[in-house]
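Down below is the structure, laid out as structure tokens.
Throughout, a chain's letter reflects where its sequence line sits, starting with A, and its residues are numbered from 1.
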There are 2 protein chains.
Amino acid sequence: MIEVNAPVTMSDVARAAGVSTATVSRVVNGHYGVSARTVAQVRSAIEQLGYESSLVATSLRRSRTNVLGLVAHSFQSYTAEVLKGVMKALSRSGFDLIIYANSDLYGSYSEGWEQRHLTRLSGTLTDGCIVVTPWGDFRTRTPVVAIDPVRGSTAPSVISDNLTGATTAVEHLLGLGHRRIGFIAGRDSLASAWSREEGYRAALTAAGVPVDPTLIGRGDFNPESATPLARVLLQRPDPPSAIFAASDGMALKVLEVARELGFSVPGDLSVVGFDNIPESALTQPGLTTVDQSMYQLGYEAARMLKSLVTGEWDEPSQIVLPTSLVVRDSTAPPKSAARP
Amino acid sequence: MIEVNAPVTMSDVARAAGVSTATVSRVVNGHYGVSARTVAQVRSAIEQLGYESSLVATSLRRSRTNVLGLVAHSFQSYTAEVLKGVMKALSRSGFDLIIYANSDLYGSYSEGWEQRHLTRLSGTLTDGCIVVTPWGDFRTRTPVVAIDPVRGSTAPSVISDNLTGATTAVEHLLGLGHRRIGFIAGRDSLASAWSREEGYRAALTAAGVPVDPTLIGRGDFNPESATPLARVLLQRPDPPSAIFAASDGMALKVLEVARELGFSVPGDLSVVGFDNIPESALTQPGLTTVDQSMYQLGYEAARMLKSLVTGEWDEPSQIVLPTSLVVRDSTAPPKSAARP
DNA sequence: ACTGCAATCGTTATCGGTTACGTTTCCAGG
DNA sequence: CCTGGAAACGTAACCGATAACGATTGCAGT
């Protein structure tokens, strides 16, 4: 049954136990200076009334709350994976997690809200935050760890080795014989997008293949942003024989467009993604991609934040996680392996 | 740059603007009774100092916070889909969302924590909560909407038409000629699990096929719970020709086990799931399943909670959403269509 | 100039806890 | 019996904001 009114406060408990709220507080927090008899009385009163301390009131008065926050700008597969890693790291650690999501997911991308919510939370509700958004930096009074930070950020962060990953991916395509390789970039404010493009350029240059700017589409990591770009690339009179997309979400959209335009994959077109989200293993054909463990990203970020909060962090403030190429069915040698 | 210390409070603003905190509060909340000149002063002070009101302090004092909560016991695809629907419904509604996740995701399933967190949040931080957990009911002072509630719950809730959905699924298998149909049940505390099993039994009975208890495995909606059950069913000397799993997560595990044991799907074994999570469309073969829009579930729950909070709800307290069968590639007639 | 009513703004109690500090109780030691 | 000091507990200030209430001011009407 739901009882709509059950505002049991600490003073209710105090009254029931015949003591002051101060004593109840001491019992609840296991502080020193309460006789065993009184503790028992208070405990039983708490039990009877079903009292739980208010998170809000506690947060307001205390500096430490043992609650960490996660602020994300959207909830794609990427974020969900990160979330699992974070929860794993926090498991049995004594920290709880609050995820703050704004209600404008599909609305206007108001750049300011992360900062707004961060300041509203920090210093009160949460002891620290993990942010995973395409914007930054953030001013807070509590530690912040960024996952995939903006370019040039010096804040504590966790990031994949995007440069190596992207280089490997393009080298894989080059190794298959591809020379005209399209690229769909991510949101350029992010360090990851930048590094992945760097890797693309570096691999081409190292192989003596000139970088053709008209083969580069400017996406923003949002899957939908890739659709028109893929259409443009594939409807050219001279379409590329392979496309490297800076994220799996975008790569999957490339597959969609390819199917729609009658390209067979990997026959007519090879596609490589980046991220290795769960869907990439399941799609048909399986997507060749660069694995960055988003789970691990979340796990490390949470571990880092935890120690930052407790003040026992001594490792460098930027963690770089390795990536690895996962070859599936979306890549093959081009039909005409040789071309100027 | 991150400034670690920026505790700008309302009284800082008040001091800077040369007014009282009450006036600042009035300006912030757009209340009546402040001259245009004062508003301008306060606004500029807020701007200069970068002030944001503390969510916690506001929550403590106010009855309404315009923040809704979501309490979930795990974060599988199911929850992620629900989440998207919730966010969509809350988009541009003036409500923010806080997701409370305990850190024991993989640890002991301590049944009490949802109640604990619910009381810690309700009446202070949040105006109401959506709960999606296999336990209930909950005592709170603010409205609660349950998604897929426990059996016998009378609380406001949103649920799919599980009975019809399950019946249709089994009728589909019967129509293909299957007679030995296995079933992997969900957590029996949930109304949905109950209804789906009911549908399974009803369809069989209506077709004159006796229900064989040894063909029923007792899972709990957790994908992992299905693996050993599927193994048992398929390693029998007389395995069923089809398996209906009460959730897609479990059905996908059945596919995994089938592959492992050398069953071809749908050649040797037909598999049907329930939920239609995104993965089901991508897996190979595509999973035939009963579509319940988890997105819609979340959307409706949020819509309901919103009106409950504002006190303008007049529809029934239980919403039932339709389901529909999605036939993909995991079902086909059995090899020997006729059997006693 | 005087009254009266709005408009404007400050004072203060309050939300539910926490904690510094003060007070009382109790017992050991002199 | 008195004193000292630690243990046990209450008092009250405080965290940051809100809102009821009171006080002040300005201006119109007479």
In 5'-to-3' order, the base (B), backbone-only (S) or no-contact (-) status of each nucleotide in nucleotides 15-23 of chain D, using a 4.0 angstrom heavy-atom cut-off, is BBBBB----
Stem ranges of DNA chain D by first residue number, counting only runs of at least 3 Watson-Crick or G-U pairs under 3.5 Å, come to C:1-30 with D:1-30
With sequence neighbours left out, the residues meeting side chain to side chain donor-acceptor pair (under 3.5 Å) with S317(A) are none
Margin query: Under a plain distance cut-off of 3.5 Å, with no hydrogens placed, do T38(B) and S35(B) share a side-chain donor-acceptor pair?
Written below: yes
L70(B) meets the side chain to side chain contact (heavy atoms under 4.5 Å, CB included) criterion, sequence neighbours left out, with L83(B), L97(B), I99(B), I130(B), V132(B)
In short, salt bridge (Lys or Arg N to Asp or Glu O under 4.0 Å) pairs touching residues 15-35 of chain B with sequence neighbours left out are D12(B)-R15(B)
S157(B) meets the side chain to side chain contact (heavy atoms under 4.5 Å, CB included) criterion, sequence neighbours left out, with A146(B), P149(B), Q318(B)
Applying side chain to side chain contact (heavy atoms under 4.5 Å, CB included) to S160(A) and not counting sequence neighbours gives N162(A), Q292(A), L297(A), T323(A)
Closest heavy-atom pair, S54(B) versus T58(B), reported as atoms and distance to 0.1 Å, is O-OG1, 2.9 Å
So the salt bridge (Lys or Arg N to Asp or Glu O under 4.0 Å) pairs with at least one residue in residues 144-159 of chain B (sequence neighbours excluded) are none
The first and last nucleotides of DNA chain C lying within contact of chain B, meaning any atom under 4.0 Å from one of its heavy atoms, run from dA7(C) to dG16(C)
Ordered by number, residues from residues 36-48 of chain B within less than 4.0 Å of DNA chain D (heavy atoms) are none
Can you give each donor-acceptor pair under 3.5 Å made by side-chain atoms of residues 40-53 of chain B, sequence neighbours left out, with the distance rounded to 0.1 Å?
| from | atom 1 | to | atom 2 | distance (Å) |
| --- | --- | --- | --- | --- |
| S44(B) | OG | Q41(B) | O | 3.4 |
| S53(B) | OG | R120(A) | NH1 | 3.1 |

Closest non-hydrogen atoms of R187(A) and F221(A), given as atom of the first, atom of the second and distance, are N-CD1, 3.7 Å
Residues 295-310 of chain B vs salt bridge (Lys or Arg N to Asp or Glu O under 4.0 Å), sequence neighbours excluded, gives E300(B)-R303(B), R303(B)-E315(B)
Main chain of A14(A), side chain of S11(A): is a donor-acceptor contact present, judged purely on distance under 3.5 Å? no
